[in-house]
Amino acid sequence: MTYPKALIELIDDFQSIDDKMERLEYVFDLASEVNELPTSLWSEETRIHGCQSEAHVLLEIEDGKVSLKSGADSKLVQGLMGILTIAMDNLDTEEAKKITPDFAVDMGILNSLSPSRSNGFRNMFDKIMNELEEY
Amino acid sequence: MTYPKALIELIDDFQSIDDKMERLEYVFDLASEVNELPTSLWSEETRIHGCQSEAHVLLEIEDGKVSLKSGADSKLVQGLMGILTIAMDNLDTEEAKKITPDFAVDMGILNSLSPSRSNGFRNMFDKIMNELEEY
Amino acid sequence: MAIRDDFPILQRNINGHPLVYLDNAATTQKPSVVIEAMNEYYTMNNANVHRAVHTLAGEATNGYEACRTTLKSWFNADRCIMTGGTTEAINLAAHAWGHSQLKGRAIILTEMEHHSDIVPWQMLAESFGNELRYIPIKDDLTLDMEAYEASIEGAGLVCVVHTSNVLGVRNPIEKIIEIAHKNGAKVLIDAAQGAPHCKIDLNELGADMMALSAHKMCGPTGIGCLLVNEETFQEMKPFMGGGDMIETVTLQKSTYQTNEHRFEAGTPKIAEAIGWDAALGYLGNLNLEEQHHRLLNIARYVADELRSMNMTVYGRHDGDDSAVVSFLHPTLHSEDLAHLLDARGVAVRTGHHCAQPLLHRLGINGTVRASFYIYNTMEEAELFIQHTKDILERFA
Amino acid sequence: MAIRDDFPILQRNINGHPLVYLDNAATTQKPSVVIEAMNEYYTMNNANVHRAVHTLAGEATNGYEACRTTLKSWFNADRCIMTGGTTEAINLAAHAWGHSQLKGRAIILTEMEHHSDIVPWQMLAESFGNELRYIPIKDDLTLDMEAYEASIEGAGLVCVVHTSNVLGVRNPIEKIIEIAHKNGAKVLIDAAQGAPHCKIDLNELGADMMALSAHKMCGPTGIGCLLVNEETFQEMKPFMGGGDMIETVTLQKSTYQTNEHRFEAGTPKIAEAIGWDAALGYLGNLNLEEQHHRLLNIARYVADELRSMNMTVYGRHDGDDSAVVSFLHPTLHSEDLAHLLDARGVAVRTGHHCAQPLLHRLGINGTVRASFYIYNTMEEAELFIQHTKDILERFA
Ligand SMILES: Cc1ncc(COP(=O)(O)O)c(C=O)c1O
Ligand SMILES: Cc1ncc(COP(=O)(O)O)c(C=O)c1O
């Protein structure tokens, strides 16, 4: 599939960073890209399991488009949510359904994350996709 | 302690044999040295535990001297009994009590035996010594 | 032969003679790739797994879990729980599945089972009063399938050894599973001997559980697994408690993981899993079927030669059987023979081979067993036969 | 420093930086002698043990049993049962001893226990209805000994961690044993963290059971042991069934070995035992007491520095405590910090460290934990502190 332009740029950016700390710093910065889900709305329904940190995501469809709200107590995790937000927020529902986690592989973020973090990322992605399927 | 003469000769003999098969052959030959305990007298009391083969020994004291009767279904095991017979049979009880299993180490037979066999040898030796203590 | 070069231990001399290792049913030797994989783990990646944040821990976790992934695809199994070996795997099955699922139901074993597939069920039966039934062995050394069918009613589990470690006989597990399932019983396969010799497809077979050990298939000591299908997995209750198998722990109560980790309490066998994965990679590059035929031919040659020396040979060496030759000399004690063979560098095993009920059925206490694996050659078999002849001439 | 040269993994670079391995409470690295001992086993002596007739089997048996002998003398223990690790050892204690000996009696644990010393007892209590009592932790992170003494009546067993894997706190086990024995209760020591740091004398202590893991003391994964005194050993009933632990097996009943093999079903962890024995040999050549003081000094330095960075440090670092520093930053998430440290080659662990009840008591969900072992240096500690400072400047 072809990626949204913002995502392509992101992938390029990531691929150009060699130093792991700088890559993590970039992910940190992307934490601000999320549409924040206020902690008052964090619940069992919004919880992403398998993360060591508290991480929550709320998926809604507005006018046939994906609306993603999220938040985490770890900034790195929230940065990953920022990436998902760039990748999926505001996409047509049908477009969004076509996304695979390959883009994260292309970005190289999965390799620079520990297995537990990349598991967390996958759980995040799967939760969104599962909910998307229900629409 | 000083060993009986027959035992010293035996130790010398063993030390002079390099080839393992020849050493085993020598042990085989010593099977005839036992005072045979007829299989009809084999019982739970005479059984040596921890041997894979059936091995039996009967200790008696006659006129203050050790009398050892034994037998096994394995000729190798019976050969080990033959060695014990040479070492202990007919010794004064008090002399016999002083014997340690060191002579078997000196002979090198323990090294040329598998652990289960040398365990068996030790069980044999211990059984005799324990019974000796009771006199 | 190329395969031999991969196994450094085969260079060894024993008592002045080249090692002829014919004790493969007890444990197999390890190719360099396996030894090196564990080496590399310990010199490059060693760390504790799970909930890993740092790089080494990530590498160790990936290495450990890769073994599980390989096993699941090698055996086409839904679930793979790592254990210390076949024995622990069967004990796990008895505790985690049997305790809750076998209440009031009979357990069917065979007279051909290894102690590891008998004692755990005797222990369970002692606690819960289950009836144990044994499929008898016929004189041709095959299981009495009619007796089996007649005994299946009321059984909750049938435990059967894929391939006998004493006889090499490969049992008709397909038929056994069919009959068990038709009657509502599950089937556990003891594949300790089967797995090293042929590819087994758990889902195609339809078996419910299968136990095996790495060390019998070129892998390290200290690791094995219980493979289970999803339905059985969901019926299993936690067995050992501790780190890594829990989800939450409070002072009074704990909740457990839902995947295989649920049954893997404590720091797992990490280096061992990495070594086993390498062993599977090694075996996967061989043509196991071709090896099977080659080894069976060697076993048949050996069996014939031994018979011609007046030995009694226990085994059939049918097309699917493994290359195991159990035998006895009429007068020379089996242990004496084994010791004498060892003096010529030949490693064979003697004794009851952890199958006393089978030997009892055969009316004997033990056998000498020569068992062959991928690195054994016809030349070694001939050497073994020659040494045996010499020994008999000299000692029998 | 000479010790470092013995550990090949310490040459590694992680993300372009030299590895600073501070995850030793999770698992320690292995010196070359340990890796080579296992290598040598697999390339020279590999065979299955027990009832061994051939040379390799004899060598393997001697190697395996030598580890037991070393452990028994190292810890001055009557009996040593080999297990897969601390967790399996405690589960063995619960099943083999607890099931038959704890009927109707309470079990006392501490709030400081690792999950591996909680969950097996919760499981036992669930089956048999035993009451579980916990020795609370006081605000100074020591056990409330008065509460302990008040709760001892009716207890059959006290389980206590020698040294906490989260706090490094070394518990007053001498006193705990004294009170337990005065009241007719036995004591099990979880020495997973204690054994690597100091010599423990089981008979002098008078403890009844003690569990530990090789991998936390320079030994391989996949092996540990349960040490027991003779009286307790004689009270233990067989746990797992299978090969090597039996004396005789008939179709309906089995009898069991009387020595430690009784509790070691199946092919044992042979290479692992040989590696562990080499590890004990290695540690035996060091001055562990001197190392203990050196490492504790490092830990105190680290704790002070972290406090000066506004971190909360959980631990006392008293004279007998181990060199473990658990800490938290007020805003930077512990996992984020650990990831960032990893980017600079520093390996620390985060999370609940399998001690959720303890963390709950401290009112937190997890910590970052830096734990030090014999090959760690003050220079590494300074580097760790420097990296942490840099990270806080950039990210907090
Ligand atoms: C105090 C304590 N007890 C028990 C364990 C469990 O040890 P293992 O995972 O080796 O079974 C650990 C290690 O994680 C520990 O630190
Ligand atoms: C048929 C069979 N089942 C079970 C076992 C037990 O395997 P392990 O000792 O690796 O647990 C063996 C090997 O001894 C075996 O041959």
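Chain identifiers are assigned alphabetically (A, B, ...) following the order of the sequence lines, protein sequences preceding nucleic acid strands; residue numbering begins at 1 within each chain.
- Of the two parts of C:V49, only the backbone, made up of N, CA, C and O, holds a non-hydrogen atom closer than 4.5 Å to a non-hydrogen atom of chain D.
- Under a 3.5 Å cut-off, the side chain of C:N91 and the backbone N or O of D:G241 do form a donor-acceptor pair.
- With a 4.5 angstrom heavy-atom cutoff, C:L92 does not touch chain D via any of its atoms.
- The two residues C:H115 and D:G243 make their nearest non-hydrogen contact at CB-N, 4.2 Å.
- No side-chain donor from either of C:D23 and D:N48 sits under 3.5 Å from a side-chain acceptor of the other.
- For D:L341, no part lies under 4.5 angstrom from a heavy atom of chain C.
- Interface remark: C:E59 contributes side-chain atoms only to the contact with chain D (heavy atom separation under 4.5 Å).
- Of the two parts of C:I14, only the side chain, counted from C-beta on, holds a non-hydrogen atom closer than 4.5 Å to a non-hydrogen atom of chain D.
- In this structure, the side chains of D:L132 and C:L251 stay at 4.5 Å or more apart for every pair of heavy atoms.
- Using a 4.5 Å cut-off between heavy atoms, D:T28 touches chain C through its backbone atoms (N, CA, C, O) alone.
- Counting heavy atoms from C-beta on, the side chains of D:M240 and C:E88 come closer than 4.5 Å.
- Using bins of under 30°, 30° to 60° and over 60° for the plane-to-plane angle, the ring pair C:F239/D:F239 lands in the tilted bin.
- Only the side chain of D:H114 comes within contact range of chain C, with heavy atoms under 4.5 Å apart.
- Using a 4.5 Å cut-off between heavy atoms, D:N45 touches chain C through backbone and side chain atoms alike.
- Residues C:S254 and D:Q122 come closest through the heavy atom pair OG-OE1, 2.5 Å.
- Aromatic pair C:H339/D:H54: ring centres not closer than 6.0 Å.
- Neither the backbone nor the side chain of D:V34 comes within less than 4.5 Å of any heavy atom in chain C.
- When each of C:T221, C:T27, C:L10 is checked for heavy-atom pairs under 4.5 Å with chain D, C:T221 comes out on top.
- Side-chain contact check for C:T87 versus D:T267: every heavy-atom pair is 4.5 Å or farther apart.
- Contact of D:Q252 with chain C is made through backbone and side chain together, with heavy-atom distances under 4.5 Å.
- Contacts between C:M123 and chain D at a heavy-atom distance below 4.5 Å involve the side chain alone, from C-beta outward.
- Taking the six-membered ring wherever Trp is involved, the centroid distance between the rings of D:H215 and C:Y42 does not fall below 6.0 Å.
- Among all heavy-atom pairs drawn from D:G84 and C:K269, the shortest one is CA-NZ, 4.4 Å.
- For C:T250, the part lying near chain D is the backbone, with the side chain staying farther off; criterion is any non-hydrogen pair under 4.5 Å.
- Closest non-hydrogen pair, C:Q29 versus D:L56, comes out as NE2-CD1, 4.1 Å.
- Contact annotation: the side chain of C:T43 never approaches that of D:I9 to less than 4.5 Å [non-hydrogen atoms, C-beta and beyond].
- With a 4.5 Å cut-off on non-hydrogen atoms, D:E40 does not touch chain C at all.
- For D:I246, the part lying near chain C is the side chain, with the backbone staying farther off; criterion is any non-hydrogen pair under 4.5 Å.
- Of the atoms belonging to D:P238, heavy atoms from both backbone and side chain fall under 4.5 Å from chain C.
- Across all their heavy atoms, C:M44 and D:R12 have their closest contact at O-NH1, 2.7 Å.
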